[in-house]
Amino acid sequence: MRGYNISRPIMLIAIALLTRLLVNSVCLMFGMSPESASSLAMIAMIIAGLVTYNRMMKRRRR
């Protein structure tokens, strides 16, 4: 397992979960129903995870 960096997956998970928490809190603060806020937060979490992964891989290829 030469060249494996444990901080990258941890950072990816942390960014995804923090994004979900932030979006969920903001949506609830603006009066959305909890189900809708949770769904929107899940979509934002997936997008944040994909963006973070793509940025990490782009930096690694160079």
Side chain to side chain contact (heavy atoms under 4.5 Å, CB included) against I6, all qualifying residues, sequence neighbours excluded = Y4, I10
If you link I, L, V, M, F, W and Y whenever their side-chain heavy atoms are under 4.5 Å apart, who else ends up in the same group as V51?
-> I43, I47
Can you tell me how far the CE atom of M29 sits from the CG atom of N24, to the nearest 0.5 Å?
-> 11.5 Å
Spacing of CZ belonging to R8 relative to OH belonging to Y53, to within rounding of 0.5 Å = 10.5 Å
With rounding to the nearest 0.5 Å, note down the distance linking CE in M45 to CG in L50.
-> 10.5 Å
For T19, what residues pass the side chain to side chain contact (heavy atoms under 4.5 Å, CB included) criterion, not counting sequence neighbours?
-> I15, V23, A44, A48
Would you say M56 and I13 are hydrophobically clustered, going by side-chain heavy atoms of ILVMFWY under 4.5 Å?
-> no
Side-chain hydrophobic cluster, 4.5 Å single linkage: members besides L28 | none
L22: what forms a side chain to side chain contact (heavy atoms under 4.5 Å, CB included) with it, not counting sequence neighbours?
-> V26
Donor-acceptor pairs under 3.5 angstrom involving side-chain atoms of residues 30-39: please list them, not counting sequence neighbours.
from: S33; atom 1: OG; to: S36; atom 2: N; distance (Å): 3.4
from: S33; atom 1: OG; to: S36; atom 2: OG; distance (Å): 3.0
from: S39; atom 1: OG; to: E35; atom 2: O; distance (Å): 3.1

Closest non-hydrogen atoms of G49 and L12, given as atom of the first, atom of the second and distance, are O-CD1, 3.3 Å
Given side chain to side chain contact (heavy atoms under 4.5 Å, CB included), test N54 with M57 step by step and report yes or no.
-> CA-CA 5 Å; N54 284 334; M57 291 300 111; 5.6 Å; no
